[in-house]
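First comes the structure, then the notes that go with it.
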Amino acid sequence: MAIVTGGANGLGRGAAERLAQSGARVWISDIDPRVEEIAAEIGAVGRLSDASNAAHVDDLFAECLAEAGTIDIVVANAGMGGGAPVVDLSDELYRRIMAVNLDSVFFTCRAAARTMLAQGSGSIVTVSSVFGRDAPAGSSAYGASKAGVIAITQSLAKELAPSGIRVNCISPGHMATELYWSALRRRAAASGRSFEETTEDERTQVKLGRFGTPEDFGELVAFLASDAASYITGQTVNLDGGLQMG
Ligand SMILES: NC(=O)c1ccc[n+]([C@@H]2O[C@H](COP(=O)([O-])OP(=O)(O)OC[C@H]3O[C@@H](n4cnc5c(N)ncnc54)[C@H](O)[C@@H]3O)[C@@H](O)[C@H]2O)c1
């Protein structure tokens, strides 16, 4: 059984589809009210569940475990974009970004680790961002939350390695999802340039010359979660078309 948080749209949906195609039973959790019908479209089960709420996460894992017996793969993917220059960032937006991007990963990893330690196996994939290693202006909260995801991954990987449970992190770059299009719209508005010009600027920063896709993400999740990656743990892998090489 696999759980993908934030799996109703974007990258999470790509991961859920890819895992389902490889034969895994998949549960998707999301705050999108359409989660059950979206999950059904890809042969998965959908649950309305807020990953930034510890009780929601624990209930989700308990229900899934009762139904499936084991939880073998967990993808802590739920997240949000947004931000502002530090001098303009409200307490409310700062707290929300940290809750949705960082608390959610901690709660999901904790529930996954408890389950996997009890069953003696499993693989966890967390989702950071290239901004977790190099945050641009206007991304202090987002970058801090994503740097925190890398730290959780490293610490948990060390805790779980003696039990053979692996924990790895994916750092996406510019990926073609709603989260990224919204960020581009904000950047275009702030610079006074058109959306098209801003998009083209960002595309040309990517060495491979294109934005990443949910399918690219699904492939890397499937690899990291599989036995093909059985000697890989504690790593943060950029999925960014060469955007960040140094
Ligand atoms: N798209 C990019 O360019 C990019 C780059 C770097 C990192 N990421 C990260 O990848 C992950 C997925 O992003 P995406 O681009 O697919 O975004 P998206 O907005 O397309 O999809 C995010 C999904 O998460 C869900 N979600 C949001 N808050 C939630 C919560 N509290 N509980 C449960 N579900 C919640 C949304 O409803 C949505 O279905 C995020 O963690 C994001 O920070 C994305």
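Both ligands and their constituent atoms are indexed starting at 1 by order of listing.
Side-chain contact between Ile124 and Ile73 is absent, with no heavy-atom pair separated by less than 4.5 Å.
Of the protein's non-hydrogen atoms, Gly173 O, 3.9 Å is the one closest to atom 4 (C) of ligand 1. Taking atom 36 (C) of ligand 1 as the reference point, the nearest protein heavy-atom neighbour is Asp30 OD1, 3.4 Å. Closest protein heavy atom to atom 3 (O) of ligand 1: Met175 N, 2.9 Å.
At a heavy-atom cutoff of 4.0 Å, ligand 1 is contacted by both the backbone and the side chain of Ile31. Of all the heavy atoms of Phe131, none lies under 4.0 Å from any atom of ligand 1, so neither backbone nor side chain is involved. Looking at Asn77 against ligand 1, both its backbone and its side chain come within 4.0 Å, counting heavy atoms.
With sequence neighbours left out, the salt bridge (charged side-chain N to carboxylate O under 4.0 Å, His left out) criterion links Glu41 to Arg13.
Of the candidates Phe217, Phe107, Tyr180, Tyr142, the one placing a heavy atom closest to atom 8 (N) of ligand 1 is Tyr142. The heavy atom nearest to atom 7 (C) of ligand 1, considering only Ser128, Gly79, Gly81, Ala15, is found in Ser128.
Note on ring orientation: taking the six-membered ring where Trp is involved, the planes of Tyr180 and His174 are parallel (angle under 30°, cut-offs 30° and 60°).
Each of the following atoms of ligand 1 lies closer than 4.0 Å to a heavy atom of Ser49: 32 (N), 33 (C). Every atom of ligand 1 with a heavy atom of Val127 under 4.0 Å away is listed here by number and element: 9 (C), 10 (O), 11 (C).
Within a 6.0 Å radius of CZ in Arg193, other residues, nucleotides and ligands contribute more than 12 heavy atoms.
Applying the side chain to side chain donor-acceptor pair (under 3.5 Å) test to pairs two or more places apart or on separate chains, none has a residue in residues 77-93.
Aromatic pair Trp27/Phe61: ring centres not closer than 6.0 Å.
Inclusion of Ser129 in the set of residues having an N or O under 3.5 Å from an N or O of ligand 1 is not warranted.
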